[in-house]
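This report refers to the structure that appears directly beneath it.
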Number of protein chains: 2
Amino acid sequence: MQLNRLIDFHKALADPTRLRILILLSHSPLHGQAIAGKLGLKPPTITHHMTKLREAGLVKERREGNTIYFQLERRVLEQKSFAFCSLLKEEETDMSKTKGTLRTEAIWRNFFTPDNRLKTIPAQRKKRIVVLHRIASSFNHGQKYEEKEINQIIQRFHDDFATLRRELIIHQFMYREKGIYELNPAEMWPASEEREI
Amino acid sequence: MQLNRLIDFHKALADPTRLRILILLSHSPLHGQAIAGKLGLKPPTITHHMTKLREAGLVKERREGNTIYFQLERRVLEQKSFAFCSLLKEEETDMSKTKGTLRTEAIWRNFFTPDNRLKTIPAQRKKRIVVLHRIASSFNHGQKYEEKEINQIIQRFHDDFATLRRELIIHQFMYREKGIYELNPAEMWPASEEREI
DNA sequence: AATCTAATTAGATATTTATCAAATTAAAAG
DNA sequence: CTTTTAATTTGATAAATATCTAATTAGATT
């Protein structure tokens with residue numbers, strides 16, 4: 001499991017001293033004693049923290065003569081910041097693959113072609129919701145979309161993107177603000193089946 | 001300082017048990033005993049962890065009869081995941097507002113050590129101007145300096161104070177009159193910048 | 001070779017924290 | 001009002017960890 005890497009990353013950011021170190025390094029690279037000086041700590045303490053930051057991949061170092069400069073790895077920071085969110089998303093799609101109920105699958109078979117096109121928009125509300133679920137899942141949580149992009153993506157399923165777009169809003173899969181669309185959190189999505197709890 | 005909130009957030013994600021809880025909740029809301037069962041832990045332990053997750057804003061709860069369902073707050077998770085990156089970016093733009101553009105910072109990183117020494121005198125005129133800017137800024141407008149003082153101050157940056165002093169004059173950062181030096185008004189200083197990216 | 005400097009390691013201490021068993025509380029159901 | 005049930009609080013324990021001083025190491029410089 002690579003959960004451990006994730007934990008080490010979050011542990012690295014779970015300490016005030018280390019956050020302050022990273023903030024300092026965001027201005028410019030620094031060597032150990034400079035950091036110690038600015039934070040009012042002793043060099044061994046800095047070594048301790050730099051070890052953890054290094055293990056998390058958040059800093060790299062270069063030697064210059066006798067002194068070692070530490071330097072922030074911004075890209076790693078950004079990648080790992082979202083790692084857990086991504087993991088949850090994977091889990092989610094895995095789940096819906098294995099857990100999609102028979103009933104749902106039947107609806108899919110009826111309304112989607114094998115290459116993922118929507119044959120017709122279901123008239124019955126419950127079936128329509130199931131279909132909308134699948135369409136909404138092609139968008140990413142947290143990402144903002146312009147109407148053009150929305151239409152494009154919906155059109156991969158069906159040509160009547162206007163109706164489907166409106167349905168996504170009506171049933172709270174997404175919301176619109178000043179022409180920008182974004183997914184609602186999954187908890188706001190309508191349940192497509194009975195509750196399982 | 002809202003650093004504490006950030007720390008609490010990362011602490012929340014810095015424990016394997018809590019990550020597993022969040023993964024469970026990403027599938028569906030669950031009540032305490034269910035979580036305890038799935039993880040092979042006792043209810044008090046779950047209470048302990050849910051307290052921390054709640055304080056970090058990562059879960060909310062709803063009561064149903066006697067049992068309490070916990071539910072993941074995806075939006076909060078996504079927002080806070082990037083919070084520290086955003087903070088660093090703000091820091092950075094603050095820096096460049098007060099101290100110069102990104103390009104300037106790159107030059108600084110290349111030519112100055114972290115403790116403000118000039119590694120080498122840039123050969124390229126534009127870069128030299130940027131460097132001279134920083135050195136000239138250590139003098140006060142309106143104050144008169146003797147050559148000895150000038151040398152001393154420049155020497156804090158680089159041992160070749162003669163060259164740098166001459167450059168400061170040539171590029172009109174300062175002028176000399178009867179052995180007395182003084183800064184020119186800032187409007188006479190050469191522009192160090194082309195444009196920001 | 002001898003010395004200097006920055007960094008690291010080792011060892012000690014105090015704080016935090018993950019976990020559990022036992023006791024208690026809160027709310028619903030009888 | 002009493003009982004039931006899930007959750008919480010309390011108190012204890014073991015593990016992790018942030019910090020320091022003192023000793024050591026790794027590289028440069030003389």
Side-chain angles (χ1 to χ4, degrees), chain A residues 3-25 28-56 58-71 197, chain B residues 3-25 28-56 58-71 113-117 119 159:
Chain A
L3 265 211
N4 285 328
R5 289 196 169 282
L6 244 185
I7 291 168
D8 285 344
F9 167 73
H10 286 290
K11 274 187 186 173
L13 297 190
D15 176 84
T17 301
R18 284 193 288 270
L19 287 194
R20 295 174 69 200
I21 290 175
L22 291 176
I23 291 174
L24 285 178
L25 293 184
S28 74
L30 287 176
H31 53 109
Q33 301 210 325
I35 299 174
K38 283 176 194 267
L39 297 184
L41 294 171
K42 302 298 175 187
T45 305
I46 303 305
T47 296
H48 168 72
H49 289 300
M50 296 324 280
T51 302
K52 305 213 162 206
L53 291 175
R54 192 189 309 119
E55 282 169 3
L58 289 172
V59 299
K60 70 179 176 191
E61 38 196 289
R62 73 168 196 283
R63 189 161 207 126
E64 235 175 67
N66 224 320
T67 104
I68 293 173
Y69 289 93
F70 296 96
Q71 166 166 345
I197 312 170
Chain B
L3 264 209
N4 285 327
R5 289 195 169 281
L6 244 185
I7 291 168
D8 285 344
F9 167 74
H10 286 290
K11 275 188 185 170
L13 298 189
D15 176 85
T17 301
R18 284 193 289 271
L19 287 194
R20 294 174 70 201
I21 291 175
L22 292 176
I23 291 173
L24 285 179
L25 293 184
S28 75
L30 287 175
H31 53 109
Q33 301 209 326
I35 299 175
K38 286 179 194 262
L39 297 184
L41 295 171
K42 301 299 174 186
T45 305
I46 304 304
T47 296
H48 168 72
H49 290 301
M50 296 323 281
T51 302
K52 304 212 163 209
L53 291 175
R54 191 188 309 120
E55 281 169 4
L58 289 172
V59 298
K60 70 180 177 192
E61 37 196 291
R62 75 169 194 283
R63 190 160 204 127
E64 238 176 63
N66 221 324
T67 104
I68 293 173
Y69 289 94
F70 297 96
Q71 157 167 351
T113 71
D115 50 18
N116 229 10
R117 293 277 299 172
K119 297 181 201 164
D159 287 332

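Computation of the quantities below employed the complete heavy-atom set of this structure, encompassing side-chain atoms and omitting hydrogens, waters and symmetry-equivalent molecules. It should be emphasised that the depicted structure is a prediction, and the values quoted were computed from it without experimental measurement. First the proteins, then the strands, lettered A, B, ... as listed; each starts at 1.
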Rounded to the nearest angstrom, tell me the gap between atom NZ in B/Lys42 and atom C1' in C/dA23.
-> 16 Å
Is there any side-chain hydrogen bond (donor to acceptor under 3.5 Å, both in side chains) pair reaching into residues 36-52 of chain B, and which pairs are they, with sequence neighbours excluded?
-> B/Arg18-B/His49
NE2 (A/His31) and CZ (A/Arg62) are apart, to the nearest 0.5 Å, by 10.5 Å
Taking all heavy atoms of A/Leu58 and all of A/Ala12, pick out the closest pair and write down the distance.
-> CD1-CB, 4.0 Å
Side-chain touch B/Leu30/B/Ile21, heavy atoms, less than 4.5 angstrom = no
Among the nucleotides C/dA18, D/dC20, C/dC20, which one has an atom lying closest to any side-chain atom of B/Asp15?
-> C/dA18
A/Glu55 has an atom CD; how far is it from atom C1' of C/dT8, in whole Å?
-> 14 Å
A/Ile7 CD1 to D/dA16 P: how many Å, rounded?
-> 13 Å
Verify the contact: side-chain N or O of A/Lys52 to OP1 or OP2 of D/dA18, cut-off strictly under 4.0 Å; return yes or no.
-> yes
Taking OP1 and OP2 of C/dT16, is either one under 4.0 Å from a side-chain nitrogen or oxygen of B/Lys11?
-> no
Separation of C/dT16 P from B/Asp8 CG (nearest whole Å) | 13 Å
Between A/Leu13 (CG) and D/dT17 (P), how many Å, whole number?
-> 15 Å
C/dA18 OP1/OP2 closer than 4.0 Å to side-chain N/O of B/Thr45 | no
When the distance from CZ of A/Arg62 to P of C/dA6 is rounded to whole Å, what number comes out?
-> 16 Å
Least distance between heavy atoms, B/Leu25 atom then B/Phe70 atom = CD2-O, 3.5 Å
Could you encode protein contacts along nucleotides 3-9 of chain D as a string, one character per nucleotide from 5' to 3', using B for base contact, S for sugar-phosphate-only contact and - for no contact, with a heavy-atom cut-off of under 4.0 Å?
-> --BSSBB
Given side chain to side chain contact (heavy atoms under 4.5 Å, CB included), test A/Leu41 with A/Ile35 step by step and report yes or no.
-> CA-CA 8 Å; A/Leu41 294 171; A/Ile35 299 174; over 6 Å; no
From the candidates C/dA18, D/dT19, D/dT21, the one with an atom nearest any side-chain atom of A/Thr17 is D/dT19
Spacing of B/Ile7 atom CD1 and A/Leu19 atom CG [to the nearest 0.5 Å] | 5.0 Å
